[in-house]
Amino acid sequence: MCVCFFFFQINKMIKSLVQNPTNLLSTSARALSILTTNKSDIEFLDKYDPQQVTLLYEPLMVVDQHDQIIGQVTKKDAHLLSNIERQPSLVHRAFSFFLFDSSMKPARLILQQRAPEKITYPNLWANTCCSHPLFNQSETNGIEGVKHAVRRRVQYELGYEYLGDLIYLTRIFYQARNIPDDGIFGESEIDYIVMAKCPTNLTVDFQINKNEVEQIRAVSLNECEQMVEQGVTTPWFSKIVREGLLAKWWSMLDEQEHVKEGELTDEIIEL
C-alpha cells in the first residue's frame, strides 16, 4: 500500500509539472531535483574540478518573468540546458558587478578572466565579478540582498573587500549556451547590474582566487569593445557591450559624482 501511494504521488507531481511547471517550483525545490537529478547527472560531474563541483550545490532563487521568487534550485540544475531550453524556461536570479578604477582618468573597468577550472565559460573575459545571490535570509531581499552577495563574492573571487557604496542600475534578462558548447550547461537569468567607482591598485588590493579567476586587468571602453570583437568575452558581457549599455553606464558614472538608484527605469532589459 505504501509503495502504491508513493508512485501515485510521483505521477501526480509529474502531471502537475506538465500542466503548470511554476506551481511545482514554488512548492518545493526537492520536487524539481527529483525530476532533474539522477545517477548519470552525478557521474558526468566527475570530469570537472572538484571544488567547482561542490559549488554546483549552492541554493539559488528561481524567479518568474517579473523577477518574483517562486522557488529554489541548485546551481547545477539552474544551469542545465534541459531545464533552460524547456517551456517555460527555468530562470534564476544573478548579478553582474562592474568596478571602475578611478585612479586613472578616464576611469578603467576591471575585468576578470575566468579560470580554466570553471565549468561554464572557462578562460573567457567578463566584468569584475559575476555570480548569484543565494537562497537564504541575507540575500533574498531584493537589491540589498544582491549587494550582500556582491560583497561576498568579490571577497571570495578577488580577495578584495570593497567598503564603498554599491550602485544598483537595472536588471537584464538573457539566455546563452555554454562556451565551448558542451550540450549540457548554459544560462537563463535575470541579472542585477551593480556598479562602483573607486581608486584601486591591481597588484596590492587584490588577492585572486586562482580556482575562480585566472587574471584581472583594468581596461578602457575601446579595449572592451575590441575584446568582444575578438570573441574572448562571455555572452552576457558581449551582449552588454554590443547593445551600447556599457558605454551608457560608463558615461553616466564618469559624468556624475554620484548616480542615484532609481534614476534609470526599473524595467528588465531583454538581451
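Side-chain atoms are counted along with the backbone in the values below, which use heavy atoms only and exclude waters and symmetry mates. Quick caveat: nothing in here was measured; it's all calculated off a predicted structure.
Qualifying salt bridge (Lys or Arg N to Asp or Glu O under 4.0 Å) partners for R177, counting only residues two or more places apart in sequence or in other chains: E85, D181. Judged as a salt bridge (Lys or Arg N to Asp or Glu O under 4.0 Å), and not counting sequence neighbours, the contacts of E229 are R242. Residues meeting the salt bridge (Lys or Arg N to Asp or Glu O under 4.0 Å) test with R153, sequence neighbours left out: E157, E212. For the side-chain hydrogen bond (donor to acceptor under 3.5 Å, both in side chains) test, no residue two or more places apart in sequence or in another chain qualifies with T54. Remark: K239 engages no residue in a salt bridge (Lys or Arg N to Asp or Glu O under 4.0 Å) (not counting sequence neighbours). For V53, the side chain to side chain contact (heavy atoms under 4.5 Å, CB included) partners are L45, Y48, Y57, I119, not counting sequence neighbours. By the side chain to side chain contact (heavy atoms under 4.5 Å, CB included) test, N123 is found to be paired with Q113, P116, residues two or more places apart in sequence or in another chain being considered. Under the side-chain hydrogen bond (donor to acceptor under 3.5 Å, both in side chains) criterion, S103 pairs with D101, sequence neighbours left out. Annotation: side chain to side chain contact (heavy atoms under 4.5 Å, CB included) contacts of E243 (sequence neighbours excluded): L245, L271. Residues satisfying the side chain to side chain contact (heavy atoms under 4.5 Å, CB included) test with E223, not counting sequence neighbours, are V219, S220.
Among residue pairs with one or both ends in residues 144-164, those qualifying as ring-ring contact (aromatic ring centres under 6.0 Å, His included) are Y160-F206; sequence neighbours excluded. Residue pairs meeting the ring-ring contact (aromatic ring centres under 6.0 Å, His included) criterion with at least one member in residues 102-124, sequence neighbours excluded, are Y121-W236.
Between W250 and F98, a ring centre-to-centre spacing not shorter than 6.0 Å is recorded.
C129 is not listed as a side-chain neighbour of I110, based on a closest heavy-atom distance of 4.5 Å or more.
Checked by atom type, the side-chain pair E187/T120 shows no donor-acceptor distance below 3.5 Å.
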